[in-house]
Amino acid sequence: MNDIASGAPRRVIPIEIDSGTAYGMPAPTSRKELTDVGPGTPMGELLRRYWHPVGLAADATDTPRQVRVLGEDLILFRDKGGRPGLVHPHCAHRGASLYYGKVEERGIRCCYHGWLFDVQGRCVEQPCEPQGGRARDKVRQPWYPVEELYGLVWAYLGPPDRKPVLPRYECLEQLEEGEFLEANANSIGGGGPQIIPCNWLQHYENLVDPFHVVILHSSFSGTQFVEQMALMPQVNWELQPHSVRTVSVRKMADGKTFRRISEAGLPTLRVIPSPRVGRYGPVESLGWVLPIDDHHFRIYVAGRVREQGELAKMRSRLNGKLWEELTEAEHQQFPGDYEAMVSQGAVARHSEEHLATTDRGIVMLRRLLQRQLEVVAEGGDPAGVFFDPGAPPVKFTAGNFLED
């Protein structure tokens with residue numbers, strides 16, 4: 001008031017306005033062309049051009065088993081003749097679920113009216129119909145082709161006229177003396193439970209992010225694997241015809257060089273050498289990230305081992321415990337892959353990302369996937385599919401290597 005009475009100019013005290021607050025943030029968006037896997041979606045149609053593991057060989061029994069793959073609910077079984085089958089759950093007659101069916105020598109029989117379907121969905125018996133169903137050959141239960149390899153049951157859910165051969169992999173074909181193959185269904189590498197409640201891409205992209213190993217798995221939550229993994233590496237990413245390869249180089253205290261090569265392969269392959277570095281050499285196991293639907297995935301692994309249960313020993317430990325042994329307070333204090341991935345949301349908010357130079361591998365992987373989407377949309381065959389049964393096994397260069 002004195003300023004006004006005297007006629008002197010009033011002093012204006014500048015008010016600093018807060019910037020960067022969350023007020024008015026636009027609704028986040030995701031790259032749905034990469035994340036969504038249901039029938040008819042771009043990624044769903046791309047992934048359906050490949051074979052996917054849908055269970056352990058031991059999961060296919062004479063007890064029908066419910067499985068969910070790429071957003072589809074299916075029934076896995078093995079008939080009494082030893083043939084695995086994968087069929088649509090609702091009986092082609094009146095829609096009762098074949099989960100309640102009875103598995104017999106020739107296939108699976110519906111509990112409602114006894115219609116019997118073989119592993120390729122052919123109706124072979126209709127017991128309530130005259131002569132066992134004179135028109136039964138006109139009925140087909142929707143089904144998918146399955147094969148067995150490496151202790152896993154594989155399914156092809158794509159267009160029948162584009163079905164490729166089930167690929168073999170060199171690192172699982174060439175066993176050294178004393179080695180044998182082991183398969184595991186417990187999502188080794190996912191850092192948590194068997195079924196992980198977030199989009200598959202969040203894990204797949206994690207494969208080309210070697211720097212989180214130094215922070216998340218070492219300095220932040222304590223050493224979860226081995227000490228050499230805590231060293232900050234020099235990293236280079238290389239685009240391959242059907243993968244993105246990550247080369248991480250660490251200089252050891254004794255003057256030797258630890259060269260670690262990993263790959264994210266098409267369609268969902270984890271080509272990750274053991275982070276426990278039990279031995280040096282080529283990658284010992286392969287993992288397949290199976291998108292269950294848009295919000296869940298699991299991982300099947302097959303690998304060369306020298307003792308039963310060796311794959312399970314690759315699991316990370318936080319505060320000296322496995323994921324399921326931790327309290328909620330320990331999960332917060334010692335986060336791992338599960339916490340980092342799932343906390344991004346059921347589907348990551350890609351519109352809110354701020355990618356940096358160390359995310360170059362993620363950019364390359366997204367571009368590789370995007371290119372395959374374009375190839376399929378144009379009527380072509382994506383990278384990593386083969387139609388020649390005599391094609392050589394797929395070879396990867398991944399592994400842990402110690403150099404002088």
Side-chain angles (χ1 to χ4, degrees), residues 29-37 41-47 49-50 167 169 171 189-190 198-217 229 232-250 258-273 275 282-283 286-291 297 299 337 340-341 344 347-378 380-385 394-401:
T29 59
S30 303
R31 295 193 59 177
K32 297 176 72 66
E33 76 280 8
L34 298 180
T35 61
D36 292 5
V37 298
T41 63
M43 183 55 66
E45 292 306 306
L46 170 60
L47 292 178
R49 301 295 292 275
Y50 299 89
Y169 298 92
C171 65
C198 71
N199 188 262
W200 74 281
L201 189 67
Q202 281 148 243
H203 180 77
Y204 192 49
E205 292 180 343
N206 196 52
L207 306 180
V208 291
D209 176 11
F211 293 102
H212 87 278
V213 176
V214 181
I215 304 301
L216 179 67
H217 295 304
M229 296 296 287
M232 188 66 72
Q234 293 182 332
V235 178
N236 187 43
W237 291 273
E238 301 168 354
L239 180 62
Q240 305 297 304
H242 55 85
S243 73
V244 171
R245 180 165 59 191
T246 305
V247 181
S248 303
V249 177
R250 293 170 167 87
F258 175 28
R259 185 181 302 274
R260 178 175 168 82
I261 303 174
S262 60
E263 297 184 57
L266 293 174
T268 65
L269 271 160
R270 287 176 42 88
V271 194
I272 307 295
V283 64
L286 297 178
W288 292 266
V289 183
L290 178 68
F297 73 88
I299 304 169
D337 282 326
M341 292 184 299
Q344 294 174 43
V347 182
R349 301 165 174 84
H350 296 121
S351 61
E352 297 179 355
E353 293 178 330
H354 293 82
L355 299 182
T357 58
T358 51
D359 299 310
R360 182 165 171 257
I362 291 173
V363 173
M364 292 173 67
L365 188 58
R366 291 179 183 177
R367 288 176 177 171
L368 176 63
L369 290 173
Q370 186 67 48
R371 177 55 188 149
Q372 307 318 306
L373 294 179
E374 295 167 356
V375 168
V376 170
E378 294 165 359
D381 297 309
V385 301
V394 178
K395 183 177 181 178
F396 293 108
T397 58
N400 291 319
F401 306 100

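- Proximity of Glu33 to Gln370: side-chain heavy atoms (C-beta onward) are separated by under 4.5 Å at one or more points.
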- Item | Stepwise side chain to side chain contact (heavy atoms under 4.5 Å, CB included) test for Arg259 and Val247 | CA-CA 7 Å; Arg259 185 181 302 274; Val247 181; 3.8 Å; yes

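- Counting heavy atoms from C-beta on, the side chains of Pro382 and Tyr50 come closer than 4.5 Å.
- Residues Val289 and Gln202 are not in side-chain contact: their nearest non-hydrogen atoms beyond the backbone lie 4.5 Å or more apart.
- Separation of atoms CG (Leu46) and OG1 (Thr41) is listed at 9.5 Å; rounding is to 0.5 Å.
- Here the straight-line distance linking atom CG of Leu201 with atom OG of Ser30 works out to 9.5 Å at 0.5 Å rounding.
- Side-chain contact between Leu286 and Val271: present, with at least one pair of heavy atoms (C-beta onward) separated by less than 4.5 Å.
- A 4.5 Å side-chain heavy-atom check between Thr397 and Glu263 finds at least one atom pair inside the cut-off.
- Within 6.0 Å of atom CD in Gln234, 12 or fewer heavy atoms from other residues, nucleotides or ligands are found, so the atom counts as exposed in its surroundings.
- Between Leu269 and Trp288, some side-chain heavy-atom pair lies under the 4.5 Å cut-off.
- Interatomic distance, Phe401 CZ to Arg260 CZ, rounded to the nearest 0.5 Å: 10.5 Å.
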- Message: Under the criterion side chain to side chain contact (heavy atoms under 4.5 Å, CB included), I'd like the reasoning laid out for Met43 against Val376: C-alpha separation, chi angles, the key distance, then a yes or no.
- Response: CA-CA 10 Å; Met43 183 55 66; Val376 170; over 6 Å; no

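- Here the straight-line distance linking atom NE2 of His217 with atom NE2 of His212 works out to 3.5 Å at 0.5 Å rounding.
- The aromatic rings of Phe396 and Tyr169 sit parallel, their planes meeting at an angle under 30°, below the 60° perpendicular limit.
- Looking at Asp337 and His203, their side chains never bring a donor and an acceptor atom within 3.5 Å of each other.
- Contact check for Leu369 versus Arg31: no side-chain heavy atoms found under the 4.5 Å cut-off.
- Just one residue in the list Thr29, Leu34, Thr35 forms a side-chain contact (heavy atoms from CB on, under 4.5 Å) with Lys32, and that residue is Thr35.
- With rounding to the nearest 0.5 Å, the separation of CH2 in Trp237 from CZ in Arg360 is 7.0 Å.
- The line from CZ of Arg245 to CD1 of Ile261 is 6.0 Å long, rounded to the nearest 0.5 Å.
- Remark: the backbone N or O of Ile272 is not paired with any side-chain donor or acceptor of Ser262 at under 3.5 angstrom.
- Applying the salt bridge (Lys or Arg N to Asp or Glu O under 4.0 Å) test to pairs two or more places apart or on separate chains, those with a residue in residues 198-210 are Glu205-Arg366.
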